[in-house]
Amino acid sequence: GQRALIAAGSSFWDGYQVRCSAKPGATGRIGVAFDLQSEKDYYVFRVSVFSPPQTASAGTVELVKVIDGNATVIEKAPGGVEVGKWVQLGIRSDDGLLSGLVDGKVVCSTRDSTFGEGQIGLYTEACAKANFDDVYLEPYRAYEDSYASDGLFPVEQRAGTWTLDQEQLCARPEAQS
């Protein structure tokens, strides 16, 4: 379908989260673009817009990678937003960890490091009208560790006994004397 995209920021931006208010005026898809390199290369978190009697469960929320104008869904989940209702959309992008949020809640997340930095944007697809407001950009740093024995994130034991069991940290408090 027809896409509309507007961008802001610098090509070197990385490690950020974006949130905005959005109110779709028609069915289609709305979203937040990020790590934008050009109008043909970016990620987008897009959300289906439904009109009653349909419900959100009939739609999808998707993290999409667009390369040379070709879109590939890299993660999706059921969900959507209703025509005429305000919703808060958001993304988090840091070190290849990508997340899409609706009303402050992570609804889909994946890893992909194709881009890693870039501008932010607002997006519509096959949606005749949408209003956006209150766009916020903040630094964001993700922390994720599988606690594998690769030593990438060494920990220091301060109290109790800590062990690795099947790549999970297990704690045992010190015995009281």
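Atom set for the values below is all heavy atoms of this structure, side chains included, hydrogens, waters and symmetry mates excluded.
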Rounded to the nearest 0.5 Å, how far does [atom2] of [Y] lie from [atom1] of [X]?
X	Y	atom1	atom2	answer
Leu101	Ile91	CG	CD1	8.5 Å
Arg29	Phe45	CZ	CZ	11.5 Å
Tyr123	Phe34	OH	CZ	12.0 Å
Cys127	Ile30	SG	CD1	6.5 Å
Lys105	Ser99	NZ	OG	13.5 Å
Arg141	Asp95	CZ	CG	8.5 Å

key: Trace of the side chain to side chain donor-acceptor pair (under 3.5 Å) decision for Lys65 with Thr114   = CA-CA 8 Å; Lys65 177 170 44 177; Thr114 302; 3.2 Å; yes
[X] (side chain) donor-acceptor with [Y] (main chain) under 3.5 angstrom:
X	Y	result
Gln37	Glu117	yes
Asp134	Cys20	no
Gln119	Gly9	yes
Asp41	Asp68	yes
Ser38	Lys40	yes

Evaluation steps, side-chain contact (heavy atoms from CB on, under 4.5 Å), between Leu98 and Ile74 = CA-CA 10 Å; Leu98 314 175; Ile74 55 177; 4.0 Å; yes
ask   = Between Lys23 and Asp133, does a side-chain contact (heavy atoms from CB on, under 4.5 Å) hold up when you go through it step by step?
value = CA-CA 9 Å; Lys23 179 179 160 185; Asp133 199 5; over 6 Å; no
Qualifying residue, where the test is side chain to side chain contact (heavy atoms under 4.5 Å, CB included) with [X] and the options are [options]:
X	options	value
Arg92	Val106, Leu97, Val18	Val106
Leu63	Asp112, Thr110, Val73	Thr110
Arg46	Leu89, Val64, Thr60	Val64

Over all atoms of both residues, closest heavy-atom pair of [X] and [Y]:
X	Y	value
Cys108	Glu75	CB-CG, 3.9 Å
Ala33	Leu5	CB-CD1, 3.6 Å
Ser51	Val83	CB-CG2, 4.3 Å
Ile120	Tyr16	CG2-CE1, 3.4 Å
Ser48	Gly79	CB-O, 4.1 Å
Pro24	Val81	CG-CG2, 4.0 Å

Among the clusters formed by ILVMFWY side chains lying less than 4.5 Å apart, do [X] and [Y] turn up in the same one?
X	Y	value
Trp13	Ile6	yes
Val135	Tyr140	no
Val66	Val32	no
Phe132	Val61	yes

[Y] side chain reached by [X] side chain, heavy atoms, under 4.5 Å:
X	Y	answer
Glu82	Pro52	yes
Val47	Val107	no
Phe115	Leu36	no

request  = Could you tell me whether Ile67 atom CD1 has more than 12 heavy atoms of other residues or ligands within 6.0 Å of it?
outcome  = yes
ask   = Any ion pair linking Glu138 and Arg19 (charged N to carboxylate O, less than 4.0 Å)?
value = yes
